[in-house]
Amino acid sequence: MKTQTLSKNRKAPLGPPWLRCVLFAAAGFCMGLAVTAAMQWISIGTLPGVVEWARDYPGHLLMTALLWAAPVWVLGTLTGRLWVAALPVGTLGLILALVDHFKTAINGTPLELADFGLAAQAGNVAGLAGDLTPPEDFYLAASALLFCVVLLFLTRRLTALKGVLRARSCLFSLTLAGILLTGTGSRTLGNWMGVDFYTRMPPAENHSLHGLTLSLWRDAFPQPKTPPEGYDQAYMLEVLERIDQLLPGSPAKEPETKPNILFILSESFYDLNRLPVLQYEGDPLEHFHALEAESVSGTFHSHYLGYGTGYLEIPMLYGLNSLDLPPGTNICFQDPEVYECFDALAEQYTNSGDYTAEMLHAYDNTLYNRTVNYPLLGFNDLYFSDEIQQMGIERADGAYGGFYMRDGYFFQGMLKRMKAINATGKRAFLFGITMENHQPFEPQKFNYECQIPLIAPDFTPAQRDIIRVMLEGITRADQALGELTEALRKSGEPTIVVFFGDHRPNLFMPGGDTVYTLLGLCPENDTMNWTAEQVNDLYSTDYLIWANDPELLGDLAGSRRDSSITALGPQLLELTGRPVSRYWALLEKVSQVALTQTDLYFVDGEGKASFSREEAGLSPEALELLELRDAVVYDAVYGKGYITNQMNEPPGA
């Protein structure tokens, strides 16, 4: 009997109910602080850095701690055990911080709310990224959190809530969590703590200033897009009239020759000769460089580095970019109505009835919502890796090279589809996405083969092994381009090839550096401290527009011109003389003054980089074009659509 009494006493709560309630609240908040500190430790990399951030932004620290304390309180009151609640909450914080670390390592930008659009394909994304190793700070931070959980377990009798007190505490915790889950509640509490929930800022700056948790939370409650001043039907009709004044009219007649168009996004392709120090015993872009003499070519300004191919396809094919959407919004996962406002690039060809548009991708159909988006963008059929391998392609070296489908095999699939479409009496508009040069750049990717010897004495053997994988991948992409253009030279079908690299690979090395940091092209992986010129350099690749019939390019063959994700489509339309819509004609006009507009940086029509259009020193005429475009997009995507139908008609209609 005495033993049973002692056992009950060991489990019984200690102290009066009011004190246990206070200690429960304090312990839960301390756990929120611990999760905040652990995540910042993983993100910043040093404890002194965490202390400096907390000292500079105490309101951000307290708001973040409250966001993590709320679920601890809720789960603690529901389970009756605070330490049990701390386990899943702490684990979630560690996972988010680790994912953020990996994303920064891959492409230099932090985790954003938009990235959660790919959460269902997280396994696929991780597989494409390759071998990602947690930093040492992750294990130290995890150990510190585990220690906190142990403390909560050892002091559980001091924080135990029972009966009515537990029920009331649960109700209070749920109410607080509910307040935090609303934009009004979060902004009200944030204002008390000095947190700005309203100002839009680049992801890297948002992450550095607010920390991972609060940067994601800010993006979860975006402010609605601000309408143009005086927005109404009369205002938009004035916009339409001004657009018609600025745009040239439609061509008198279409060109007699209607070429096939092969639009090729070449994974991580760029001119390796643009890198300093590294040397090669041969030209890895032999065919690309030879074709430049027959092509329109130049620097291609992208929106990403090392990641985000799907996020580039929508701006390429539709003209919208990330600045047109609220912060944290995934451009690939919008409501269907968004993609149906304007006729897309492919529809500038298919609407006439003489073209068929198809998309081919050398991987499967799981990523970036392509099976939903591409039909909305005017593509009749989609072919992924399985469908391409069912086309009866015969190639001695097989379908796969390295970890993915060979570019050469893939291009044979494009040629087969072009031939099949031409047999129906129509022209082909094919958008192809290659994969052979996709990360991971692991030494064994191409069975340690490298056709062109690398000279890099300042690098370690392990680093040279990784660089050689990049070298071999780009060499193979170039050779496949050579095979494709040679086959088209022999074809009787007039064809234009648009070939570009979507982004550079963010080639990270043992120890966490990238090839770019080791070459002195940027100070660190995180873009926060890069100059605008460094961003512009590393966020650029190369492109060319080539034709198997020289007359298709006219006197432009051999010319140089900067282009970009949002400029290449209008450039092609201008070249082929298609009767384009007002929308695409306006985009072509805008591309003359702005090649790139993102949260991270701005590139004007001459290729000069700034951090924003406000810093670019644009002329009043250039600013007017950008404002007209902004008004058109707002009207279509967020407003009443007063002139959206007219924007899909030719200028002057």
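Side chains are part of it too, since the values below use all heavy atoms of this structure and drop only hydrogens, waters and symmetry mates.
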**Message:** Looking at Gln444, I'd like to know if its CD atom is crowded, meaning that more than 12 non-hydrogen atoms belonging to other residues, nucleotides or ligands lie closer than 6.0 Å.
**Reply:** yes
**Request:** Given side chain to side chain contact (heavy atoms under 4.5 Å, CB included), test Met193 with Leu66 step by step and report yes or no.
**Result:** CA-CA 11 Å; Met193 300 180 190; Leu66 182 62; 3.9 Å; yes
**Request:** Measure across Pro135 and Leu98 and return the closest heavy-atom pair with its distance rounded to 0.1 Å.
**Result:** CD-CD1, 4.0 Å
**Request:** Just do the side chain to side chain contact (heavy atoms under 4.5 Å, CB included) check on Tyr139 and Leu94 with the steps written out, would you?
**Result:** CA-CA 10 Å; Tyr139 298 105; Leu94 290 173; over 6 Å; no
**Message:** Using side-chain heavy atoms (C-beta onward) and a distance below 4.5 Å, is Ser186 in contact with Trp217?
**Reply:** yes
**Prompt:** Between Arg20 and Ala160, is there a donor-acceptor pair closer than 3.5 Å when you use the side chain of the first and the backbone of the second?
**Reply:** yes
**Request:** Could you tell me whether a side-chain N or O of Arg166 sits under 3.5 Å from a main-chain N or O of Leu78, the two making a donor and an acceptor?
**Result:** yes
**Asked** Taking all non-hydrogen atoms of both residues, which atom of Leu180 and which atom of Ala70 are closest, and how far apart?
**Response** CD1-CB, 3.8 Å
**Prompt:** Just how far is it from atom CZ of Phe459 to atom CE of Met509, taken to the nearest 0.5 Å?
**Reply:** 6.0 Å
**Request:** Assess the side chains of Gln439 and Tyr307: does a donor N or O sit below 3.5 Å from an acceptor N or O?
**Result:** no
Under 3.5 Å donor-acceptor pairs involving side-chain atoms of residues 29-42, not counting sequence neighbours:
unit_1	atom_1	unit_2	atom_2	d
Thr36	OG1	Gly32	O	2.8
Thr36	OG1	Ala65	N	3.4
Trp41	NE1	Asp137	OD1	3.4

**Asked** Looking at Ile331 and Leu320, what are the two nearest heavy atoms and their distance?
**Response** CD1-O, 3.8 Å
**Which residues share a ring-ring contact (aromatic ring centres under 6.0 Å, His included) with His210, sequence neighbours left out** = His60
**Pairing residues for Glu267 by the salt bridge (Lys or Arg N to Asp or Glu O under 4.0 Å) criterion, not counting sequence neighbours** = none
**Prompt:** What pairs with Arg504 under salt bridge (Lys or Arg N to Asp or Glu O under 4.0 Å), at least two apart in sequence or on another chain?
**Reply:** Asp537
**Message:** Measuring only between side-chain heavy atoms, which start at C-beta, is His303 closer than 4.5 Å to Thr566?
**Reply:** yes
**Item:** Enclosure of Arg187 CZ (heavy-atom neighbours >12, cutoff 6.0 Å)
**Value:** yes
**Prompt:** Centres of the Phe611 and Phe602 rings: under 6.0 Å?
**Reply:** no
**Item:** Centroid-centroid under 6.0 Å between Phe333 and Tyr368 rings
**Value:** no
**Item:** Check: Gly49 main-chain N/O paired with Thr46 side-chain donor or acceptor under 3.5 Å
**Value:** yes
**Request:** Report yes if the side chains of Trp530 and Tyr539 come closer than 4.5 Å at any heavy-atom pair, otherwise no.
**Result:** yes
**Prompt:** Just by distance, do the side chain of Thr159 and the backbone of Leu23 share a donor-acceptor pair under 3.5 Å?
**Reply:** no
**Considering all heavy atoms, the nearest Asp502-Ser268 contact** = OD1-N, 2.9 Å
**Request:** Kindly indicate, with the supporting measurements, whether the criterion side chain to side chain contact (heavy atoms under 4.5 Å, CB included) is fulfilled by His207 and Met528.
**Result:** CA-CA 9 Å; His207 184 275; Met528 181 65 188; over 6 Å; no
**Between OH on residue Tyr601 and OG1 on residue Thr598, distance to nearest 0.5 Å** = 6.0 Å
**Request:** State, yes or no, whether a side-chain contact exists between Leu111 and Phe102 at a heavy-atom distance under 4.5 Å.
**Result:** no
**Asked** Got a donor-acceptor contact below 3.5 angstrom from the Arg156 side chain to the Leu82 backbone?
**Response** no
**Asked** Could you go step by step and tell me if Tyr311 and Asp115 meet the side chain to side chain contact (heavy atoms under 4.5 Å, CB included) rule?
**Response** CA-CA 10 Å; Tyr311 304 147; Asp115 296 312; 3.6 Å; yes
**Item:** Minimum side-chain heavy-atom gap Phe116-Asn330 below 4.5 Å
**Value:** no
**Prompt:** To the nearest 0.5 Å, how far apart are OG1 in Thr77 and CG in Leu174?
**Reply:** 6.0 Å
**Item:** Side-chain H-bond candidate by donor/acceptor type, Arg218 with Asn206, under 3.5 Å
**Value:** yes
**Message:** Tell me if the centroids of the rings in Tyr231 and Tyr634 come within less than 6.0 Å of each other.
**Reply:** yes
**Prompt:** CZ of Arg464 to OG1 of Thr460: how many Å apart, nearest 0.5 Å?
**Reply:** 7.0 Å
**Asked** How close do Leu165 and Leu161 get, heavy atom to heavy atom, and via which atoms?
**Response** CD2-CD2, 3.8 Å
**Asked** Under the 3.5 angstrom rule, does the side chain of Asp56 hit a backbone N or O of Trp53 as a donor-acceptor pair?
**Response** no
**Request:** May I ask you to check whether Tyr304 and His503 place their ring centers less than 6.0 Å from one another?
**Result:** no
**Prompt:** Any ion pair linking Lys640 and Asp635 (charged N to carboxylate O, less than 4.0 Å)?
**Reply:** no
**Request:** Using distance alone, with no hydrogens and no angle criterion, decide if His301 and Asn536 have a side-chain donor and acceptor under 3.5 Å apart.
**Result:** yes
**Request:** Establish, from distance only, whether the side-chain atoms of Ser169 and Trp73 form a donor-acceptor pair under 3.5 Å.
**Result:** no
**Request:** Might you point out which heavy atoms bring Tyr318 and Cys341 nearest each other, and give the distance in Å?
**Result:** OH-N, 3.1 Å
**Request:** Compare all side-chain heavy atoms of Phe24 with those of Cys21 and state whether any distance is below 4.5 angstrom.
**Result:** no
Check: residues 510-523 side-chain donor-acceptor pairs under 3.5 Å, at least two apart:
unit_1	atom_1	unit_2	atom_2	d
Thr514	OG1	Tyr516	N	3.2
Thr514	OG1	Thr517	N	3.2
Tyr516	OH	Pro505	O	2.5
Thr517	OG1	Thr514	N	2.9
Thr517	OG1	Thr514	O	2.8

**Asked** Any donor-acceptor pair under 3.5 Å linking the side chain of Asp219 with the backbone of Leu216?
**Response** no
**Asked** How about Ser385 and Asp364: does a side-chain donor come under 3.5 Å of a side-chain acceptor?
**Response** no
**Prompt:** Atom CG in Leu600, atom OG in Ser322: separation rounded to 0.5 Å?
**Reply:** 9.5 Å
**Request:** Mark yes or no for whether Thr541, through its side chain, and Gly501, through its backbone, hold a donor-acceptor pair below 3.5 Å.
**Result:** yes
**Salt bridge flag under 4.0 Å for residues Asp100 and Lys103** = no
**Item:** Pairs where residues 150-186 contributes a residue and the test ring-ring contact (aromatic ring centres under 6.0 Å, His included) is met, not counting sequence neighbours
**Value:** Trp83-Phe153
**Prompt:** Applying the side-chain contact (heavy atoms from CB on, under 4.5 Å) test to Arg370, which of Leu377, Ile433, Asn365, Leu382 qualifies?
**Reply:** Ile433
**Message:** Please check this pair: side chain of Asn373 against backbone of Cys332, looking for a donor-acceptor N/O pair closer than 3.5 Å.
**Reply:** yes
**Prompt:** Hey, does Thr596 have a side-chain heavy atom less than 4.5 Å from the side chain of Ile565?
**Reply:** no
**Item:** Donor-acceptor contact present, side-chain Thr329 to main-chain Pro326, <3.5 Å
**Value:** yes
**Message:** Between Arg613 and Asp630 (salt bridge meaning N to carboxylate O under 4.0 Å), is one present in this structure?
**Reply:** yes
**Request:** Report yes if the side chains of Glu112 and Ser215 come closer than 4.5 Å at any heavy-atom pair, otherwise no.
**Result:** no
